[in-house]
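Bear in mind that the values here come from a model prediction, so they are computed numbers and not experimental data. Numbering of ligands and ligand atoms starts at 1, following listing order. Note that the numbering runs from 1 along the sequence shown for the chain.
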Amino acid sequence: MINKVRFVDPARLYGMIKEEIDAAYYDVMSKGDLIDRGHLKSFEKNLAKFVGTKYAIGVNSGYDALHLSLRAAGIGAGDEVIVPSHTFVASCSAIVNVGATPVLVDVTEDFNIDVSQLEENITNKTKGIMPVHLSGIMADMTKIMEIAEKHKLIVIEDACQSLGSSINGKGAGSIGLTGCFSFYPFKILGGYGDGGAITTNDKELYEYALRMRFNGEERETGEYHGHGYTCLLDNMQAAFLDVKLKYLPEWIKRRKEIAQKYHDALSHIDDLLLPHYNKDGFDHIYQNYTLRSKHGDEFSNFLKENGIEVLTQFRKPYYKHEKLKLEDKGFPVTEAISREVCSLPMNVEIGNDEIDYVIKVVKDFYNK
Ligand SMILES: *Cc1c(COP(=O)(O)O)cnc(C)c1O
């Protein structure tokens, strides 16, 4: 009898790769290599290769990746940056915290920024676009890059939810000036604490980020090149992430298999909008399996009552939080999504019996 299905289960995943994680821990501890050492360099090299960029720079978090990218691009006071109205708040906060003004644009049915609304939101102050590749499928980068080039705008990809995703083989985080990744434990490549990375092909930006994550210091000479931050990815976290990165292609396959199981079992339920889109060339890696039910909380609460951990991000859109002082211009798709979203358990440590149980409970809800 199943009485609980976890949304993610870090301890169970640890059990699956315990030997290698323990060996990484032992290696780091016995060498005493804690800050900016070999494990970090190795992970950065492997991550850049995986994403398809020349460089990767490990930082403290996805937020730091976004923040440093904006700074590196010279975005600040007086500038506007376009960002989707449906995303995790950190995308927007990074823009606000460099002193720039976020300009929110609604999303479409795939939860990503509505590119047809981009041009009408570009003013003479617009300096950049921050598309967010939400849940594991990329925003329409072809169109975004076209518009960005036309208006000479910088593109910073918030790829925090889409490591391993691609459009016609081009990886998330390899198309804009930078790609920003998060290794928060719930992410597809999760560390054992906070972590993040920037990917880029731009050598200057790479060198800037290397210094700024280390208080502005150029390590060889000791010269400070600017007022920086303390936001390096820990060498220990990098060692763990390097182990997990090797498994990512295999894990993505498993996620797609789970998504297909959900799809096959639930696609006949008219009330449910499942996250399967007919978008040629777009590869969905299912960071999240976020469906929509018109029954909103009634649906998600039923799953919770039956022992299934689900996420309902975000019932309250970030721009409606008063203290963030953002203008609610009315974003109809974001509002509808916010009422209806429910992310089902999606992880590589889950068993088929548990998936079957989730499916059964969803069906029970509609057979009530
Ligand atoms: C997780 C996430 C972030 C922030 O990452 P942290 O590592 O938690 O700072 C930013 N944007 C999106 C879309 C995310 O999902």
Against heavy atoms of Ser61, which atoms of ligand 1 measure under 4.0 Å?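 It comes down to these atoms of ligand 1: 7 (O), 9 (O).
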Heavy-atom contacts with Ser91 under 4.0 Å: which atoms of ligand 1 show up? List them by number with element. 11 (N)
Distance to 0.1 Å, residue and atom name: give those for the protein heavy atom nearest to [atom].
atom: atom 8 (O) of ligand 1; result: Ser182 OG, 4.0 Å
atom: atom 1 (C) of ligand 1; result: Lys187 NZ, 1.5 Å
atom: atom 9 (O) of ligand 1; result: Tyr63 N, 2.9 Å
atom: atom 3 (C) of ligand 1; result: Phe88 CD2, 3.5 Å
atom: atom 11 (N) of ligand 1; result: Asp158 OD2, 2.7 Å

Lys261 to Tyr289 six-membered ring, cation-pi geometry met (6.0 Å, 45°): no
Backbone, side chain, both or neither: what part of Cys160 comes under 4.0 angstrom of ligand 1, heavy atoms only?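 Side chain only.
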Around atom [atom1] of [X], are there more than 12 heavy atoms of other residues, nucleotides or ligands at under 6.0 Å?
X: Asp353; atom1: CG; answer: yes
X: Tyr277; atom1: OH; answer: yes
X: Lys45; atom1: NZ; answer: no
X: Asp264; atom1: CG; answer: yes

Determine whether any heavy atom of Val132 lies closer than 4.0 Å to an atom of ligand 1.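 Contact check Val132 vs ligand 1: positive.
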Looking at ligand 1, would Gly196 count as a contact under a 4.0 Å heavy-atom criterion? no
Within the side chain of His284, is there an N or O that forms a donor-acceptor pair under 3.5 Å with the backbone of Tyr286? yes
Would the distance check show the side chain of Asn235 and the main-chain N or O of Arg37 forming a donor-acceptor pair, the cut-off being under 3.5 Å?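 Here the side-chain-to-backbone pair exists.
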So Lys54 and Asp202, salt bridge (charged side-chain N to carboxylate O under 4.0 Å, His left out) or not? Walk me through it. CA-CA 8 Å; Lys54 280 195 194 136; Asp202 189 304; over 6 Å; no
Is Gly62 in polar range of ligand 1, meaning some N or O pair under 3.5 Å apart?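 Between Gly62 and ligand 1, an N or O pair is found under 3.5 Å apart.
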Looking at ligand 1, does any of its N/O atoms fall within less than 3.5 Å of an N/O of Gln161? yes
